[in-house]
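Below is one structure, written out as structure tokens; comments come after it.
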Amino acid sequence: MIALVCFLVESLEEQVLRLRSVTVMRAILVILSLVMLSYAPMIGGLLIWAATVRYAPMALHERQKRHRIALARKAADDNAAAVSEVLRRLQAHTVALEQEIDRLRASEATKNRMATDPSYRSVGLHERAPDWLVIAARRAYRTYLHPDRHPRHREQAHDRFVQAETVFDTIYAQRQIRA
């Protein structure tokens, strides 16, 4: 008789491990207990006692596990809500920054069109070019436009050279660069 109870408990344990469900284990235990109580009250009592001793800790562990999962899910939901709020604010900030960039680009383009000195444009420089770049550009223009470099078109080369030198003299005077 004890062997039968042990066999039933072990088979119940295998089913529970296979299914990993406390609910299924409880249902099987209730059905077996009712069957055993109807045949022999002593065997049913032993079966209930053996199952309780064996499966009560597992049921408690499952309950604690479900509780931890519920707490973790709630914490994850709270974190997701906080992160989505931060993301919403960052997206709004990004839109504002993009609008500011567009406004500044438009403003800069307007300033560049309005305030550009034609003498700088004629030699391919920007008004805000550093002094070292202006000096380097003058040297490059002198090398490229020098009349000795264009013997066939000496007069035209001389005119272009003098024109570039005049522009650079004006720029040097404005910036107070020594030649």
Side-chain angles (χ1 to χ4, degrees), residues 13-27 55-179:
E13 183 178 276
E14 287 176 16
Q15 291 298 321
V16 169
L17 291 176
R18 187 171 58 85
L19 296 175
R20 293 187 184 261
S21 172
V22 175
T23 309
V24 172
M25 184 261 319
R26 286 180 186 155
Y55 295 113
M58 188 175 87
L60 289 174
H61 176 73
E62 285 292 322
R63 182 176 178 203
Q64 290 172 347
K65 190 166 126 183
R66 281 194 311 270
H67 182 67
R68 283 193 305 264
I69 289 172
L71 288 177
R73 184 175 295 135
K74 184 178 179 339
D77 289 344
D78 292 345
N79 287 341
V83 167
S84 63
E85 176 62 26
V86 169
L87 179 62
R88 187 191 59 76
R89 275 193 255 132
L90 287 175
Q91 286 172 337
H93 190 65
T94 301
V95 168
L97 288 175
E98 287 173 348
Q99 290 171 349
E100 181 70 13
I101 288 170
D102 292 341
R103 187 188 64 77
L104 289 173
R105 281 185 182 153
S107 171
E108 185 67 24
T110 304
K111 285 179 186 177
N112 286 343
R113 275 187 254 123
M114 292 173 54
T116 305
D117 189 359
S119 59
Y120 283 93
R121 264 198 204 163
S122 66
V123 291
L125 291 172
H126 191 273
E127 284 182 345
R128 289 183 275 157
D131 291 344
W132 63 267
L133 187 61
V134 173
I135 295 168
R138 186 175 198 174
R139 286 186 189 142
Y141 266 90
R142 281 182 175 168
T143 305
Y144 182 71
L145 295 177
H146 199 276
D148 292 341
R149 193 163 179 190
H150 306 281
R152 291 185 187 167
H153 311 287
R154 187 174 293 277
E155 282 185 32
Q156 293 171 350
H158 177 71
D159 291 341
R160 287 185 296 196
F161 182 78
V162 169
Q163 185 181 7
E165 282 296 310
T166 306
V167 170
F168 278 111
D169 286 338
T170 306
I171 293 172
Y172 270 50
Q174 285 176 354
R175 292 178 172 233
Q176 299 175 349
I177 300 173
R178 286 193 236 164

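Bear in mind the structure is a predicted one, so any value in this text is a computation, not a measurement.
In this structure, CG on L71 lies 4.0 Å from NE2 on H67, to the nearest 0.5 angstrom. Taking CZ of R160 as the reference point, atom CD of E165 lies at 14.0 Å (rounded to 0.5 Å). The CD atom of Q91 sits 7.0 Å away from the OG1 atom of T94 when rounded to the nearest 0.5 Å. With values rounded to the nearest 0.5 angstrom, N79 atom CG is found 10.5 Å from S84 atom OG. To the nearest 0.5 angstrom, R142 atom CZ is 9.0 Å from F168 atom CZ.
Residue S119 comes nearest to S122 through the heavy atom pair O-OG, 2.7 Å, listed as atom of the first residue, atom of the second, then distance. Pairing each heavy atom of P147 with each of A157, the nearest pair is CA-CB, 3.9 Å. H150 and Y144 make their closest contact through NE2-O, 2.9 Å (heavy atoms, listed as atom of the first residue, atom of the second, distance). Contact detail for V162 and T166: the closest heavy-atom pair is O-OG1, 2.7 Å. The two atoms that bring A164 and Y141 nearest to each other are CB-CD2, 4.1 Å, heavy atoms only. D148 approaches R154 most closely through the heavy-atom pair OD1-NH1, 3.0 Å.
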Walk me through it: do R149 and T143 pass the test side chain to side chain contact (heavy atoms under 4.5 Å, CB included)? CA-CA 8 Å; R149 193 163 179 190; T143 305; 4.0 Å; yes
Checking side chain to side chain contact (heavy atoms under 4.5 Å, CB included) for the pair I135/Y172: CA distance, chi angles, key distance, verdict? CA-CA 9 Å; I135 295 168; Y172 270 50; 3.4 Å; yes
With side chain to side chain contact (heavy atoms under 4.5 Å, CB included) as the test, would you mind laying out the steps for D159 and Q163 before giving the verdict? CA-CA 6 Å; D159 291 341; Q163 185 181 7; over 6 Å; no
Assess whether side chain to side chain contact (heavy atoms under 4.5 Å, CB included) is satisfied between R138 and V134, documenting all intermediate values. CA-CA 6 Å; R138 186 175 198 174; V134 173; 5.8 Å; no
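We find that D78 and K74 are joined by a salt bridge, their nearest charged nitrogen and carboxylate oxygen being less than 4.0 Å apart.
In this structure, H126 has its ring center at least 6.0 angstrom away from the ring center of Y120.
Remark: E85 engages R88, R89 in a salt bridge (Lys or Arg N to Asp or Glu O under 4.0 Å) (not counting sequence neighbours). Partners of D131 under the salt bridge (Lys or Arg N to Asp or Glu O under 4.0 Å) rule, at least two apart in sequence or in another chain, are R175.
Other residues, nucleotides and ligands place more than 12 heavy atoms under 6.0 Å from the CD atom of E100.
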